[in-house]
Amino acid sequence: MELTAQQLRGFDGSDSSKPVYIAIRGTVYDVSSGKGFYGPGGPYAVFAGREASRALAKMSKSEEDVCGNLDGLSDKEMGVLQDWEKKFQAKYPVVGHLAS
C-alpha cells in the first residue's frame, strides 16, 4: 500500500476504528499493538500518523523534528535511527510505503 503524508495522518490513533501507523525512512509500520505508547495520550503519540525518522534519530519528541528530513544528521544520529528501524522491523508489521 502506498500512502501520502496526508493519508498517513489519518492513522494517528484518534479514530479507534483505524490502526496506528508510523513511518520510518518511508516504510510504514502498523504500531497498533503499541497503542499505549503511540496512541492519544501516549508518551510517543507525537509520532503517530507521521514520518518520524528525524525525531527518532535525534531522540527528540519536538514537533519540528517529526519528519523524514535526514539532512545534517551526524553519523551517531544515523546509527540511532538504524537501531530504531531494526526494532520496528522486529516488532511491527510493515503495511506500506510513503509516496515520494
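Positions are given from 1, in the same order as the sequence printed here.
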Exercise answer: donor-acceptor pairs, residues 85-100 side-chain atoms, under 3.5 Å, sequence neighbours excluded:
from: E85; atom 1: OE1; to: R25; atom 2: NE; distance (Å): 3.1
from: E85; atom 1: OE1; to: R25; atom 2: NH2; distance (Å): 3.4

- Message: To the closest 0.5 Å, what do you measure between CG (D65) and CZ (F47)?
- Response: 9.0 Å
- Task: Compute both the distance and the angle, then confirm whether K61 meets the cation-pi test with Y44: under 6.0 Å from the six-membered ring centre, within 45 degrees of the axis.
- Result: yes
- Message: So which atom in P40 and which in A45 form the shortest heavy-atom distance, rounded to 0.1 Å?
- Response: CA-CB, 4.4 Å
- Message: Please tell me whether F37 and Y21 are part of a single hydrophobic cluster in this structure, the criterion being side-chain heavy atoms less than 4.5 Å apart.
- Response: no
- Query: Looking at side-chain heavy atoms only, is the closest gap between L56 and V80 below 4.5 Å?
  - Reply: no
- Message: Considering only residues two or more places apart or on different chains, which pairs with a residue in residues 31-43 satisfy side-chain hydrogen bond (donor to acceptor under 3.5 Å, both in side chains)?
- Response: D30-S32
- Query: Looking at residues at least two apart in the chain, or sitting in another chain, which of them share a salt bridge (Lys or Arg N to Asp or Glu O under 4.0 Å) with E63?
  - Reply: R50
- Task: Starting at CD1 of I24, measure out to CH2 of W84 and round the result to the nearest 0.5 Å.
- Result: 8.0 Å
Run the side-chain donor-acceptor check on residues 5-17: report pairs under 3.5 Å with partners two or more places apart or on a different chain.
from: Q7; atom 1: OE1; to: T4; atom 2: N; distance (Å): 2.8
from: Q7; atom 1: OE1; to: T4; atom 2: OG1; distance (Å): 3.4
from: D12; atom 1: OD1; to: S14; atom 2: N; distance (Å): 2.9
from: D12; atom 1: OD1; to: S14; atom 2: OG; distance (Å): 2.7
from: D15; atom 1: OD1; to: S17; atom 2: N; distance (Å): 2.9
from: D15; atom 1: OD1; to: S17; atom 2: OG; distance (Å): 2.6
from: D15; atom 1: OD2; to: S17; atom 2: OG; distance (Å): 3.4

- Query: side-chain contact (heavy atoms from CB on, under 4.5 Å) between R54 and V66: does it pass, once the steps are laid out?
  - Reply: CA-CA 6 Å; R54 184 176 195 83; V66 185; over 6 Å; no
- Item | For N69, side-chain hydrogen bond (donor to acceptor under 3.5 Å, both in side chains) partners two or more places apart | none
- Does any pair with a residue in residues 67-82 pass salt bridge (Lys or Arg N to Asp or Glu O under 4.0 Å), and if so which ones, sequence neighbours excluded? none
- Query: Where is the tightest heavy-atom contact between S53 and G68, given as atom of each residue plus distance?
  - Reply: CB-CA, 4.3 Å
